[in-house]
Amino acid sequence: MSAGQTRSLWSDRTISVLSPLVLLGLWEICARTGIVDVRFFPAPSNIIGHLFELASSGALWRHVGASLYRLAAGFVVGCVPAIVIGLAIGLYRPVRAAFDPLISATYPIPKSSLLPLILLIFGLGESSKIAMVAIGVFYPVVINTAAGVRQIAPIFLDVGRNFGASRFNMFRTVALPGALPLIMTGIKLGAGMGLVLIAIAEMVGAKQGLGYMIWNAWELFDVQTMYVGLFVIAIIGFVMNAGFDALERAIVPWRKG
Amino acid sequence: MSAGQTRSLWSDRTISVLSPLVLLGLWEICARTGIVDVRFFPAPSNIIGHLFELASSGALWRHVGASLYRLAAGFVVGCVPAIVIGLAIGLYRPVRAAFDPLISATYPIPKSSLLPLILLIFGLGESSKIAMVAIGVFYPVVINTAAGVRQIAPIFLDVGRNFGASRFNMFRTVALPGALPLIMTGIKLGAGMGLVLIAIAEMVGAKQGLGYMIWNAWELFDVQTMYVGLFVIAIIGFVMNAGFDALERAIVPWRKG
Amino acid sequence: MTVPTTTAELPGGGQASAPKISLRDVTKRHDTQLALDRITLDIPVSTFFVVVGPSGCGKTTLLRMLAGLDAPSEGRIDIANSQPGHPQNSMVFQGDSLFPWMTVWDNAAYGLTMRKVPKARIDEVVGHYLNKTGMYGARTLYPHQLSGGMRQRVSIARAFANDPDILLMDEPFSALDEQNKTLLHEELLRIWEETRKTVVFITHSVDEAVTLGDRIMVMTAGPGRIKTIVPVNLPRPRKVVELRHTPAYGELVYDIWAQLREEVDRARSREPGSKA
Amino acid sequence: MTVPTTTAELPGGGQASAPKISLRDVTKRHDTQLALDRITLDIPVSTFFVVVGPSGCGKTTLLRMLAGLDAPSEGRIDIANSQPGHPQNSMVFQGDSLFPWMTVWDNAAYGLTMRKVPKARIDEVVGHYLNKTGMYGARTLYPHQLSGGMRQRVSIARAFANDPDILLMDEPFSALDEQNKTLLHEELLRIWEETRKTVVFITHSVDEAVTLGDRIMVMTAGPGRIKTIVPVNLPRPRKVVELRHTPAYGELVYDIWAQLREEVDRARSREPGSKA
Amino acid sequence: QEMKTVKVGTTNLSSDIGLFLAEKRGYFKEEGVKVELIPFDSGAKMVAPLGAGDLDASAGAASAGLYNAVNRGLKLKMVADKGTNIAGYSYKALMVRKDLIESGAFKSLADLKGKKVAIIANGAADESVINQALKKAGLKDEDIEKVFLPFPQHLTAFANKAIDAAISAEPGVTAMVRNNVAVRFTGLDDFYPVQQTAMLLINGKFAEDRKTVTAFLKAYLRGVRAYAATLKDGKIAGPGAEDMIKDIAEMTGIKDMALLHQIVPVFIDPDGQINLPSVETDLAYFKSRGLVTSDIEAAKVVDMSYVDALKPVLGPFARPK
Ligand SMILES: Nc1ncnc2c1ncn2[C@@H]1O[C@H](COP(=O)(O)OP(=O)(O)OP(=O)(O)O)[C@@H](O)[C@H]1O
Ligand SMILES: Nc1ncnc2c1ncn2[C@@H]1O[C@H](COP(=O)(O)OP(=O)(O)OP(=O)(O)O)[C@@H](O)[C@H]1O
Ligand SMILES: [Mg+2]
Ligand SMILES: [Mg+2]
């Protein structure tokens, strides 16, 4: 099946590349034929043209750089405790009992409404933005990690106990690798959430970043620039996802397929 | 172990109730002793007092009712296609290849920035709010459902195929029940996300709803009312989560523990 | 006798009728590792075909290809059309294969439910086989509430109930006590004699192989090849317990046992980096 | 002989020394269903203790309690302290229990790694047992790349390598061909004779039970009780193959076989809603 | 005659009082128009629905975004005043952090130099406002650090010492003073005598329906006049003030009556006249900053023909004695 698998991988790639292109193509056609209102939904070709303009002027890179830095910092700050707490919730019932209600109650609190309070606590600088990203990353990762641990077949926990795994080794050798595929899913969800929240955070007191760029473009009714911002976020999301997929393949070599 | 299990369930309940109470108690102490600034973080007792005022005046119920209706409608609209698409992504590689890039690219697009466009597409009435909730619910559910299907042991797919399960039965008897614990996790994540987005959506074109209430309270620096709103959302999130947990126990009877 | 053997060369084979299952130069690689090496084989219709071979020689790999769950890397597999109203094949998988989310009853009824057999008929058939496997009393339990042997019995009931044209069984009785095993041997022989299904049966027990089989294929270690195919000319119907006292039985067992021993020893000595 | 038996009544038991494992009125219920009913039992140190019984009679349940993985619903289990430097017990689990995320080597080395044994020692011990189980060549593979029998062998290597005070083995050789099984019987006997570990061994093969054991406990069906404990007074060291030709061996096998048959028949006829 | 439904976007700020009164007191009905008021959280979000025709009219501001929208082909018109800062009625103010005033570090506009100043948004008219303040002090845009912050965030930002000054609006101004975080340094009139802050916008298609627009605006101006009649000495203190304050409370959701008595009320021209020089000043500023790049003229966007036509109908505004 080696040849066949290569072929099907190849055709998967093709589909992966084609499906967004088809959608963009449809949009382009709709825009050109006037089916959609180009004042609000400009043609992709138009947006991409503008993207190159902004990129060559360097303005875009500043925004992207600022957002990526905040994203990376917030990701680390949110992800690491989320995995540790998630593993503990999954492994130990009292921890679960203590954290579950807190998480389920605080998770749905609208982050946009919290922004003023976060500003109060973290100030207007970078830390408030990083905190927003961290909050966004935290919840999906912690919830998925706990769910991941709970779906580990009980026999593996038995093996760990029987072979004398310490509490730490129970985390490291059983819960973490067993939950890893789901932790990765949580991380993908969390990173996307982080991107969403960075855009909200950058609407306040920021002078650069994609969120600022998009919001500012809305304020100035610069629709093209707004779309460039959304487009760049989509690309970042896509690339991040592909990166996490590659990472997953690298650190989950035991998984079939 | 029956008696022991009852006892440990009981103590789990106690912990679950105590942990938020302890947190609120700490906050209360901080507020009373002036460690936190009560202008911005009023004491919980204060907030709860105000909550009762608003509740008895009936204003609160109107807001809660409006939000819950939108939440429920958006939940259904977002959840059902998410599960179907998620199962298909998990089961069929070409579907996965086609949808994965679209999902990973559109998921991180900030919903708050999309609001003006959603207003153009869905109008200013209820449907735009329902659409926002549906978008929020969709992503976590679709992503977790697909991940849930992919972690089903391959042997179960083999059994399905070997015993002649049709495509539909492959969904119904293998993928859906096999992924159910993770679908439930996705649903919990999605419902929370829906609550977050309803708050954003209700800032526009709404005269009631918790989002409107919170935003309006901030505009007027009516900090207590804002906290009542956040508090009520937290309670809704908590209750929803408990409901989903109970549902999960009912529909996943095969799960241990 | 290490040359691959086709039907024509086999004594007692059904050369006249077209083979039920025919393999031509079937090779299977997992990644780059060769698991099965050019298997050419015909299994005539209504044959009870037993496969034995050292652990890891590719028996499961072969059976999965016969079930259509995997495709050969090279070569071709032809399987004659099945009788109307019967599924082509049903497999008793090696290891746990019950759906954790279905009760014993629903697991056993799975194939019939998928084929939309009327409920009354399902009740009858599934009831019968759960009874035969001694699992009727546990029909409302979920798999995690069963012992290993109980799970295996449900898996057997599931395949039997499905009434397929070809029964593919991968070490189906390995986790059963001798008595349950004997009862199920008898049931299997009864089904086989009544319906003349084609059965492909993997086992590690040479006793079991000789008791049940028409032909016993011994596989080589390492990349699996056909070492030899031994016809079993013991009279039918066979009485499982009495059979063991006939001298022909003992000879066959010894013969196959010796062939296998040779293979395992060869495999062990060839082991890369062996310190033995 | 259906009365629960304690050490004192046993011929050939080590009454003088305190028992290694002692159970007093141990009862285990799963939910409301009774799985084990008032088991009272002493296993002297260095005994090779074999448990046989019909499928679903509670053997695994018993072993899990000895391993400390489950607690009895009633009664008490006492296990004497282990020798310094050895873990108290290691289990060969029934069914798949290898970590899918570890290679064969890492799985086999798991117990030693957890105990922070020096790397050189781990390499030596794990290498030895992977070799003995014929899995050294596959040491870099992941479990999903192994056949069922190969996985079982790694699981055996893992327990052997851990060098525990008490070896708990739940149908460890069920998925192995006779030759691999014989080789591992010999290795197990060698380990046991060298180190005089206490072994509790579950099997469905009466041959295996008699070949290996000092005492064979036969369990009743339904809620598991002790039906009888049969001492095996065959001389040691035993040669696995030769043993089978001694008349004492045949008698023992037949005796235990008959006891078991009785239990299975009883279980089958008692089956609720049985249509048989 | 069939009543047309006019959809109007509002922000429920105090300057929307004209619309609110016209609805509440039945003026719209009397003029034969049916109006649906749709709340929004910001003016910027209304531009697209207004341009697309989902809204017929909206409360808005002369921001750079509005000109850009017109430039992109959205047919929008500013047709009536909806809020002007004039002497005595400057409901927007330059706020300065309290400790800076108390320590004497901030004494005059010139002290803005080097300060962090909160402005609602890039390209908002308030940018032009602060520019006027800087001009008066002989400073330039580059001499301050602008921080773009929505109004509700100003209070927390002061509390946090994240900003030093801000162009803020009521009721935030009074809330900040009450919470002891900032001082109302001056009204805008101190450096920008008449500042046109908010206006009523209508969609180009709706504009063609002159009859309905006129009827709509007539009712609106009746509401404005009812409001203007209660203004006295820079407070809502004229006749009918108590009812007016109750109406404002109902509209904005402010329950604190004392606060409403304290705040500086917004001025709205009883004839709906838009202050064109102010609009032109702001537009010129946007162009100089490059926020508006086309050569669009204010006169192209401001259309006072509707309110002008209503002058004879409504007659001169007579302030009640
Ligand atoms: N998915 C896989 N990837 C890589 N190698 C595999 C895979 N599945 C099986 N193999 C290899 O193929 C060979 C044959 O495996 P198979 O399961 O067919 O053996 P088997 O004869 O059924 O053995 P057993 O009696 O132990 O069940 C083994 O060497 C195994 O390591
Ligand atoms: N988690 C559980 N919940 C409910 N019942 C259980 C559970 N585990 C085991 N049982 C029941 O306990 C009884 C004994 O199970 P056990 O696994 O100990 O049997 P066993 O003797 O090991 O059988 P086998 O030889 O088939 O492995 C069985 O009837 C089984 O149905
Ligand atoms: Mg196999
Ligand atoms: Mg068992």
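Sequence lines set the chain letters: A, B, ... in the order given, protein chains first and strands last, and positions in each chain run from 1.
Heavy-atom pairs under 4.5 Å with chain A were tallied for B:A191, B:A97, B:S19; the largest tally goes to B:A97. Heavy-atom pairs under 4.5 Å with chain A were tallied for B:A98, B:A242, B:A147, B:G194; the largest tally goes to B:A98. With respect to chain B, the highest number of heavy-atom pairs below 4.5 Å among A:I236, A:I233, A:D245 belongs to A:I233. Ranked by non-hydrogen atom pairs under 4.5 Å with chain A, the options B:P101, B:G237, B:G148, B:A199 are led by B:P101. Of the listed residues (B:I198, B:N241, B:L18), the one with the most heavy-atom contacts under 4.5 Å to chain A is B:N241. When the candidates A:T106, A:I200, A:L117 are compared by the number of heavy-atom contacts under 4.5 Å with chain B, A:L117 comes out ahead. Comparing B:K188, B:M193, B:M203, B:M240 by heavy-atom pairs within less than 4.5 Å of chain A, the highest count is held by B:M193. Between chain A and the residues B:L197, B:N144, B:I214, B:V36, the most heavy-atom pairs under 4.5 angstrom are made by B:N144.
For A:L120, the part sitting under 4.5 Å from any heavy atom of chain B is the side chain, from C-beta outward, and nothing else. There is no contact between B:F231 and chain A, counting heavy-atom distances below 4.5 Å. Contact of B:W218 with chain A is made through the side chain alone, with heavy-atom distances under 4.5 Å. Using a 4.5 Å cut-off between heavy atoms, B:L114 touches chain A through its side chain atoms alone. Contacts between B:I121 and chain A at a heavy-atom distance below 4.5 Å involve the side chain alone, from C-beta outward. Looking at B:I103, there are no atoms closer than 4.5 Å to chain A (heavy atoms on both sides), in backbone or side chain. For B:I143, the parts lying near chain A are the backbone and the side chain together; criterion is any non-hydrogen pair under 4.5 Å.
By the neighbour-count criterion of 12 heavy atoms within 6.0 Å, atom CZ of A:F41 is densely surrounded, having more than that number from other residues, nucleotides or ligands. Within a 6.0 Å sphere centred on CZ of A:F99, heavy atoms belonging to other residues, nucleotides or ligands number 12 at most.
Sequence neighbours left out, the pairs with a member in residues 98-124 of chain A that pass salt bridge (Lys or Arg N to Asp or Glu O under 4.0 Å) are A:R96-A:D100.
A:S67 places a side-chain N or O within 3.5 Å of a backbone atom of A:L210 that can act as its donor or acceptor partner.
When all heavy atoms are compared, the tightest approach of B:L189 to B:P140 is CB-CB, 3.7 Å. Nearest heavy-atom pair across A:V142 and A:G86 is CG2-N, 3.6 Å. Scanning both residues, B:V196 and A:Y107, for their nearest heavy atoms gives CG2-O, 4.0 Å. Residues B:S128 and B:L119 share a closest heavy-atom pair of OG-CD2, 3.8 Å. Closest approach of A:V149 and A:G90 over heavy atoms only: CG1-C, 3.5 Å. Nearest heavy-atom pair, B:K129 versus B:L124, reported as atom, atom and distance to 0.1 Å: NZ-O, 3.1 Å.
Distance check, rounded to the nearest 0.5 Å: SG of B:C30 to CG of B:D37 gives 12.5 Å. Considering CE of B:M213 and CG of B:D222, their distance stands at 8.5 Å, rounded to 0.5 Å.
Residues of residues 177-186 of chain B lying under 4.5 angstrom from chain A, judged on non-hydrogen atoms, are B:L182, B:T185 by number. Taking 4.5 Å as the heavy-atom cut-off, the residues of residues 223-230 of chain B that approach chain A are B:M226, B:Y227, B:L230, ordered by number.
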* Stepwise, does the side-chain contact (heavy atoms from CB on, under 4.5 Å) test hold for B:R70 with B:E202? -> CA-CA 10 Å; B:R70 290 165 187 149; B:E202 283 175 349; 2.6 Å; yes
* **Full working for side-chain contact (heavy atoms from CB on, under 4.5 Å) between A:I47 and A:W27** => CA-CA 12 Å; A:I47 297 168; A:W27 179 1; 3.9 Å; yes
* To do: Under the side-chain contact (heavy atoms from CB on, under 4.5 Å) rule, what do A:R161 and A:D158 come out as? Steps first, then yes or no, please.
  => CA-CA 5 Å; A:R161 281 204 280 158; A:D158 289 342; 3.6 Å; yes
* I would like to know whether A:L176 and A:I83 meet side-chain contact (heavy atoms from CB on, under 4.5 Å); could you show each step before the answer? => CA-CA 9 Å; A:L176 184 65; A:I83 291 178; 4.0 Å; yes
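B:R249 pairs by the side-chain hydrogen bond (donor to acceptor under 3.5 Å, both in side chains) definition with nothing, not counting sequence neighbours.
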